[in-house]
There are 2 protein chains.
Amino acid sequence: MLRARGGEWWRGLRRCASLPRALRVREALRVPEPVERVKVQGWVRSVRSQKEVLFLHVNDGSSLESLQIVADPSLENRDLTFGSAVEVQGKLVKSPHKMQNMELKAETIRVVGPCNALLFPLKTRERHPLEYVRQFPHLRCRNNTLGSLLRIRSEATASIHSFFQDNGYVHIHTPIITSNDCEGAGELFQIGVSNEAKDSAEKTHFFNVPAFLTVSGQLHLEVMAGAFTHVFTFGPTFRAENSQSRRHLAEFYMVEAELSFTESLQDIMQVMEDLLKTVTSTVLSKCPRDVELFQKYIAPAQKGRLEQMLKNKFVTISYSEAMEILKQASQAFTFKPEWGCDLQTEHEKYLVEHCGEVPVFVINYPYDLKPFYMRDNEDGPQHTVAAVDLLVPGVGELCGGSLREERLPFLESRLQRLGLTDTYQWYLDLRKFGSVPHGGFGMGFERYLQYILGVDNIKDVIPFPRFSHSCLL
Amino acid sequence: MLRARGGEWWRGLRRCASLPRALRVREALRVPEPVERVKVQGWVRSVRSQKEVLFLHVNDGSSLESLQIVADPSLENRDLTFGSAVEVQGKLVKSPHKMQNMELKAETIRVVGPCNALLFPLKTRERHPLEYVRQFPHLRCRNNTLGSLLRIRSEATASIHSFFQDNGYVHIHTPIITSNDCEGAGELFQIGVSNEAKDSAEKTHFFNVPAFLTVSGQLHLEVMAGAFTHVFTFGPTFRAENSQSRRHLAEFYMVEAELSFTESLQDIMQVMEDLLKTVTSTVLSKCPRDVELFQKYIAPAQKGRLEQMLKNKFVTISYSEAMEILKQASQAFTFKPEWGCDLQTEHEKYLVEHCGEVPVFVINYPYDLKPFYMRDNEDGPQHTVAAVDLLVPGVGELCGGSLREERLPFLESRLQRLGLTDTYQWYLDLRKFGSVPHGGFGMGFERYLQYILGVDNIKDVIPFPRFSHSCLL
């Protein structure tokens, strides 16, 4: 196992010389000095047999780089193919090649699990397109690109947890199954029990009420912000949208935070910007080779963009300013920009370009466009709420947030107009018993990964994509 | 915001004396020296008005302890009640009381959000039973016990992520919606789209196939263990069990890990034991006061049990030994212990007592009792598989794991007998292309919290409990 902490962990390797010590490939590549009696386990990435010497590359998923194995040709056997699982024992020595630090001089090679290379859909030394490997959801993680992606995803996940924990936020598991639908939107998955013998009335009433998969943890986070001041959640959310878009999934992950005693949208935006920059810096420093793969083969322009993003303050414009920019654009839009209408993807793209391909906060959206919980700016003649969207290059909307309406009378009259007063009695309670000014935001985690890596299709940044007409495995 | 890292963070407080500096209660209590011009925001926990002085206690969820505010009685007003939200400015000074380090001498007290103490279901200075606060899922987090619980839950969550990350595991978001049902069990939630206008045939076919909420991420983790060697997941899982038990929820969290190149059940058990001990030690050291609350008011015996657990190696017995112990018990069981039958809760409880109220691994269960993926021990005459359950005091089964059947012929013949060959073609593929010996386990996160804190009902260790006939909020 990899021990991430501690200094000279590798010195311990030399002590018990009788038992071979299992090393992860990542560890083996970093050992500074030769080590006797080492064992490495993984999958063969290449086999090259020469008259004098047999070369193998073995990868165990601990890093993008494989470990080179150097062996006597007599150790070769017919099961030693691309994709097979092997255990190699031998001596770890300095490599004469400058591209790698160490290599393993094999004494024994055991094929643990053979692999029929003809039937195996991944091929040796081939750079498969992402669309191709998407057909094999149970095998594609053994492709280099998906391997790097999932390591980056794992690091980003850890970094998001650390960011909030380090800043005093309490982590909350907001519920997946919920009896409210948050935004009154229609694109929900409903839950029933599966026993098909039961009649359909009983099916939907396991919980006595209709139950849905959550579209956001916000309202539940608001409950918790009434006790803990700073809270966050990071979990799956769902949309039953019949969409095949490269930016939408039926099941995706969202990072959401809620901050009490916050009277300014600027404070919320500062947390979004800090989060984005901190997590991105961490990923760049912890997975340099994995990120490099994307910058080399998937999205070469992304490298410069990320450097820009990390260095500069994000741009802020108001929705009204955004509309002015769009109206003055020479470009012809499919959807005519009009105050009071939602920003379309083409508009988001234009605004980001207009601002120099950097992240852009758009604030203060029309009152009538936004859900009931957003705080009334009480302005005029163009009535707005204190909402913010963060637009980023290549993706469009990455985050959305707002100040929440903390004033009971404002909320009551708005819910009454929408006929939602009964449904949200519990939410009104939050404004009756020690209400505080607060706000928060959500960030789509898959879109974040698309953004930093320049991955075009959202299906390629999640381990098991779910979308309309597809739920493989 | 709380800065967890860095040494003398509080010295910075004294610099810009013109603007009052917002401090979390937890920070304020730890400042070693007086600080001028401080601002604290939170909810009033008690008001005590004397002739000469007004005492308030303000809590903001950053710790169990509240900050004592000392003010001139002229600052009192009728909105200053239990539950109201306040902002207090003043000077942080050494407290004369030995129970607290610092107190805040108030210059101004602003009631941000009043609270009608008569209508507010939580009462000042009252220790409400957990069953009582369960009725108010949107307010119970402002109860001391739930507050401590959720802080502990948050720390345990962070510690679980760190444990795996530090040991080189890749974190995987296994899917929530799945088209397979893992164990062939019947207690599944099925997914449909909510638009009630659509006919029921279309409802179930958003994904073209019937789709369910996951009961375990194991099979998907096995996919990933074929590329990354060590993987883990930590997310929600679901059971449509019509149960009102104190140990079952319809939605609960599970920690699952899968380890490739593992030929011994001992290795899997070692990881379980390390995980349990590491996370528990972290919680004890990071939330001492929160844990103390449970040891004082909820489960006094728990303290000694945890110390025992941390100090000693867990006990291991085989299923067959367990049956012998149960058969020789003087106690009369409702379910007669018989080789080949599942362990019932009463049996688990007896075994844990028999072993001295410590965690007990039970290994090698009957072949016919366990799902298809568990590794055949090829023993006789009592045919077993390499499975393990971890039983703990007060809870019973906390973890379950096994070596997985990595041998294609064994798996093929078992799936064929069960008529599942077609469904699990993709799973058989994993054994065709570089199969490796591997195993893993799952731990119920809520049961873990019940165990370490001695909380009797599982509904009290999750922010928003979901169970049959109940889905509040």
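This one's a predicted model, so the numbers in the text were calculated from it and none came from an experiment. Just so it is clear: chains get the letters A, B, ... in the order the sequence lines come, proteins before strands, and each one is counted from 1.
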Student: Tell me, for Arg153(A) versus chain B, whether the close heavy atoms (under 4.5 Å) come from the side chain, the backbone, both or neither.
Tutor: side chain
Student: Can you check whether Ile160(B)'s main-chain N or O pairs, donor with acceptor, with Ser162(B)'s side chain at less than 3.5 Å?
Tutor: no
Student: Side chain, backbone, both or neither: which part of Pro236(A) has a non-hydrogen atom closer than 4.5 Å to chain B?
Tutor: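 For Pro236(A), the side chain is the part near chain B, not the backbone.
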Student: Select one option (side chain, backbone, both, neither) describing which atoms of His469(A) are under 4.5 Å from chain B's heavy atoms.
Tutor: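 Looking at His469(A), backbone and side chain both touch chain B.
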Student: Indicate yes or no for a side-chain donor-acceptor contact from Arg140(A) to the backbone of Pro463(A) under 3.5 Å, with no hydrogens or angles considered.
Tutor: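 Such a contact is found between Arg140(A) side chain and Pro463(A) backbone.
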Student: Against chain B, label Trp426(A) side chain, backbone, both or neither, depending on which of its atoms sit under 4.5 Å from a heavy atom there.
Tutor: both
Student: Among Lys432(A), Arg142(A), Glu406(A), which residue has the highest count of heavy-atom pairs closer than 4.5 Å to chain B?
Tutor: Arg142(A)
Student: Quick one: which of Cys141(A), Gly61(A), Pro175(A) has the most heavy-atom pairs under 4.5 Å with chain B, could you say?
Tutor: Pro175(A)
Student: Taking it one step at a time, do Phe189(B) and Phe189(A) satisfy ring-ring contact (aromatic ring centres under 6.0 Å, His included)?
Tutor: CA-CA 12 Å; Phe189(B) 288 109; Phe189(A) 288 110; over 10 Å; no
Student: Between Val86(A) and chain B, which part of the residue has a heavy atom less than 4.5 Å away: side chain, backbone, both or neither?
Tutor: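 Backbone of Val86(A) only, per the 4.5 Å heavy-atom cut-off to chain B.
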Student: Using a cut-off of under 4.5 Å for heavy-atom pairs, which of Gly226(B), Pro137(B), Ala117(B) has the most such pairs with chain A?
Tutor: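 Option with the top pair count is Gly226(B).
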Student: Between Ile176(A), Leu473(A), Val223(A), Asn143(A), which shows the greatest number of heavy-atom pairs under 4.5 Å with chain B?
Tutor: Leu473(A)
Student: Do side-chain atoms of Asn116(A) reach the backbone of Phe120(A) as a donor and acceptor pair under 3.5 angstrom?
Tutor: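 Side chain of Asn116(A) to backbone of Phe120(A): no pair is present.
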Student: What part of Tyr253(B) gets within 4.5 angstrom of chain A, counting heavy atoms only: side chain, backbone, both, or neither?
Tutor: side chain
Student: Can a donor-acceptor pair be found between the side chains of Asp429(B) and Gln425(B) at a distance below 3.5 Å?
Tutor: no
Student: Less than 4.5 Å to any heavy atom of chain B: does that hold for the side chain of Leu119(A), its backbone, both, or neither?
Tutor: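 Contact with chain B: backbone and side chain both.
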Student: Between chain B and each of Tyr427(A), Phe238(A), Phe464(A), count heavy-atom pairs under 4.5 Å; write down the option with the most.
Tutor: Phe464(A)
Student: Passes ring-ring contact (aromatic ring centres under 6.0 Å, His included), His138(A) versus Phe433(B)? Steps please.
Tutor: CA-CA 11 Å; His138(A) 59 308; Phe433(B) 304 121; 7.9 Å; no
Student: Can you tell which of Pro114(B), Ala158(B), Gly83(B) has the highest number of heavy-atom pairs within less than 4.5 Å of chain A?
Tutor: Pro114(B)
Student: Under 3.5 Å, is there a donor-acceptor pair between the Ser468(A) and Asn242(A) side chains?
Tutor: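 Asn242(A) and Ser468(A) do have a side-chain donor-acceptor pair below 3.5 Å.
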Student: Report the option among Thr81(A), Asp79(A), Val436(A), Ile462(A) that has the most heavy-atom pairs separated by less than 4.5 Å from atoms of chain B.
Tutor: Val436(A)
Student: Is the ring pair His173(B)/His171(B) parallel, tilted or perpendicular, if the boundaries are 30 and 60 degrees?
Tutor: perpendicular
Student: Keeping the roles fixed (side chain from Thr237(B), backbone from Phe252(B)), state whether a donor-acceptor pair exists under 3.5 Å.
Tutor: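 Yes; judged by distance alone, with no hydrogens or angles, the pair exists.
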Student: Which atoms of Ala156(A) are under 4.5 Å from chain B, going by heavy atoms: the side chain, the backbone, both sets, or neither?
Tutor: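 It is neither, since no heavy atom gets under 4.5 Å.
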Student: Among Ile172(B), Val170(B), Leu122(B), Thr174(B), single out the residue with the greatest number of heavy-atom pairs under 4.5 Å to chain A.
Tutor: Val170(B)
Student: Indicate yes or no: does Arg110(A) engage Glu87(A) in a salt bridge with an N to O separation below 4.0 Å.
Tutor: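 Salt bridge: yes.
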Student: Would you mind checking which part of Phe232(A) comes under 4.5 Å of any heavy atom in chain B, side chain (CB onward), backbone (N, CA, C, O), both or neither?
Tutor: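 Phe232(A) has no heavy atom closer than 4.5 Å to chain B.
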Student: Counting distance only, does the side-chain N/O of Glu155(B) pair as donor-acceptor with the main-chain N or O of Lys286(B) below 3.5 Å?
Tutor: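 Checking the backbone N and O of Lys286(B) against the side chain of Glu155(B), no donor-acceptor pair under 3.5 Å is found.
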Student: So, Ser148(A) side chain and Leu146(A) main chain: donor-acceptor pair closer than 3.5 Å or not?
Tutor: no
Student: Using non-hydrogen atoms only, which part of Glu251(A) is less than 4.5 Å away from chain B: side chain, backbone, both, or neither?
Tutor: side chain
Student: Is Thr157(A) close to chain B through its backbone or its side chain, or both, or neither, when contacts mean heavy atoms under 4.5 Å?
Tutor: side chain
Student: Measuring heavy-atom distances to chain B, does Ser84(A) have an atom under 4.5 Å in its side chain, in its backbone, in both, or in neither?
Tutor: backbone
Student: Quick check for you: among Ser154(A), Gly113(A), Gly42(A), which has the greatest number of heavy-atom pairs under 4.5 Å with chain B?
Tutor: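 Ranked by heavy-atom pairs under 4.5 Å with chain B, first place is Ser154(A).
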Student: Give, as side chain, backbone, both or neither, the part of Phe136(A) having an atom under 4.5 angstrom from any heavy atom of chain B.
Tutor: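 Contact with chain B is absent: no heavy atom of Phe136(A) under 4.5 Å.
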Student: Tell me, for Phe445(A) versus chain B, whether the close heavy atoms (under 4.5 Å) come from the side chain, the backbone, both or neither.
Tutor: side chain
